[in-house]
Amino acid sequence: MIILKTEQQIEGIRQSCHMLCDLLDSLHGRIKPGMSTKDIDSYCHSWIVKRHARPACLHYEGFPAATCVSINEEVIHGIPSRDKIIHDGDIVSVDLCINFKGYISDSARTYVVGNADASVLKLVNVTRECLYKGIEAASQPHARIQDIGSAVHKHAKANGFDVMRDYCGHGVGLDLHEDPEIPNYVCLTMSNPRIREGMVFAIEPMVHMGTHKIRILDDDWTVVTADGKPAAHFEHTVAITHNGLEILSER
Ligand code: MF3
Ligand code: CO
């Protein structure tokens, strides 16, 4: 069931999202070769609690950290570790959820560390573009949820990339994962509701340089590409207000 939010609830989610935007902004230029993924998590965790908010991923279905940090062929849900060291040329996806006064935000960005291959830079840029293509599709009058995945997949394919099939965007705001599911392609077996005022959801293209096939590591969380090729991930929380679509996790 899709929970439509009141203006007051959207204001709460907006504050949570703006906080998260500031945190992700502050990571720019801060991720350096030699750091571990745990260093990123420690930074984010203390940043959040200092502002009297809570990291909403921590303990969510047993996830053991505040931050999902995924390097190169890791697509999503990477568990931060002191043993995972970041190198020059890596791409590092940071996916965070904040609970501020009961309102949940969800946003992710992929950061390029130092000098990456041109093909990797293209992957990151196209994935960011896919996010904005999805947002644009959701902004059209009479749009439906699956118009988002249609636009995302079209742009990824046009650039020679594939999209994640096994994980989706989702409603968000009062819970971390609410209805509806928002696939990054057109999925005929999923619902396709009309987008309307009061909806708040997370659009999150996960784009693979190789095929869409994935596997899950023995830690039961980390999702990696089956072919070992890199993947990128960008995510925004958006709301449909009386003024149209607003990207909440952007300032
Ligand atoms: N942004 C992630 C998602 O939508 C949040 C995952 S939290 C975790 O799937 F705890 F499940 F990792
Ligand atoms: Co999400």
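Every heavy atom of this structure was used, including side-chain atoms; hydrogens, water molecules and symmetry mates were not. Read the numbers this way: they start at 1 and go in the same order the structure lists the ligands and their atoms. Here, residue 1 is the first one in the sequence, and each next residue gets the next number.
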Original post:
Please walk me through it: do His212 and Tyr185 pass ring pair (Phe, Tyr, Trp, His ring centres under 6.0 Å)?
Top reply: CA-CA 11 Å; His212 65 84; Tyr185 64 106; 8.2 Å; no

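- Between Ser81 and Thr37, the side chains place no donor N or O within less than 3.5 Å of an acceptor N or O (distance only, hydrogens not considered).
- Of the charged side-chain nitrogens involved, at least one lies within less than 4.0 Å of a carboxylate oxygen, so that Glu11 and Arg14 count as a salt-bridged pair.
- Hydrophobic clustering places Trp47 together with Val69 (ILVMFWY residues linked when any side-chain heavy atoms are closer than 4.5 Å, directly or through intermediates).
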Need the list: ligand 1 N/O atoms against protein N/O atoms, distance under 3.5 Å, rounded to one decimal.
residue: ligand 1; atom: 1 (N); partner: Asp95; partner atom: OD1; Å: 2.9
residue: ligand 1; atom: 1 (N); partner: Asp95; partner atom: OD2; Å: 2.8
residue: ligand 1; atom: 1 (N); partner: Asp106; partner atom: OD1; Å: 2.8
residue: ligand 1; atom: 1 (N); partner: Asp106; partner atom: OD2; Å: 3.1
residue: ligand 1; atom: 1 (N); partner: Glu235; partner atom: OE1; Å: 3.4
residue: ligand 1; atom: 4 (O); partner: Asp106; partner atom: OD2; Å: 3.3
residue: ligand 1; atom: 4 (O); partner: His170; partner atom: NE2; Å: 2.9
residue: ligand 1; atom: 4 (O); partner: His177; partner atom: NE2; Å: 3.0
residue: ligand 1; atom: 4 (O); partner: Glu204; partner atom: OE2; Å: 3.1
residue: ligand 1; atom: 9 (O); partner: His77; partner atom: NE2; Å: 3.2
residue: ligand 1; atom: 9 (O); partner: His177; partner atom: NE2; Å: 3.2

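- Applying the salt bridge (Lys or Arg N to Asp or Glu O under 4.0 Å) test to Glu178 and every residue at least two apart in sequence or in another chain returns Lys5.
- For Thr67 and Tyr43, the side-chain atoms include no donor-acceptor pair closer than 3.5 Å.
- Protein N, O or S atom count below 2.8 Å of the Co ion (ligand 2): the structure gives 4.
- Remark: Asp25 engages Arg109 in a salt bridge, criterion side-chain N to carboxylate O under 4.0 Å.
- Here the closest heavy-atom approach between residue Ala108 and residue Leu24 is recorded as N-CD1, 4.2 Å.
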Indicate every side-chain donor-acceptor pair of residues 117-127 with a distance under 3.5 Å to a residue at least two apart or in another chain.
residue: Lys122; atom: NZ; partner: Asn159; partner atom: O; Å: 3.3
residue: Asn125; atom: OD1; partner: Arg128; partner atom: NH1; Å: 3.0
residue: Asn125; atom: ND2; partner: Leu121; partner atom: O; Å: 3.3
residue: Thr127; atom: OG1; partner: Leu123; partner atom: O; Å: 2.6

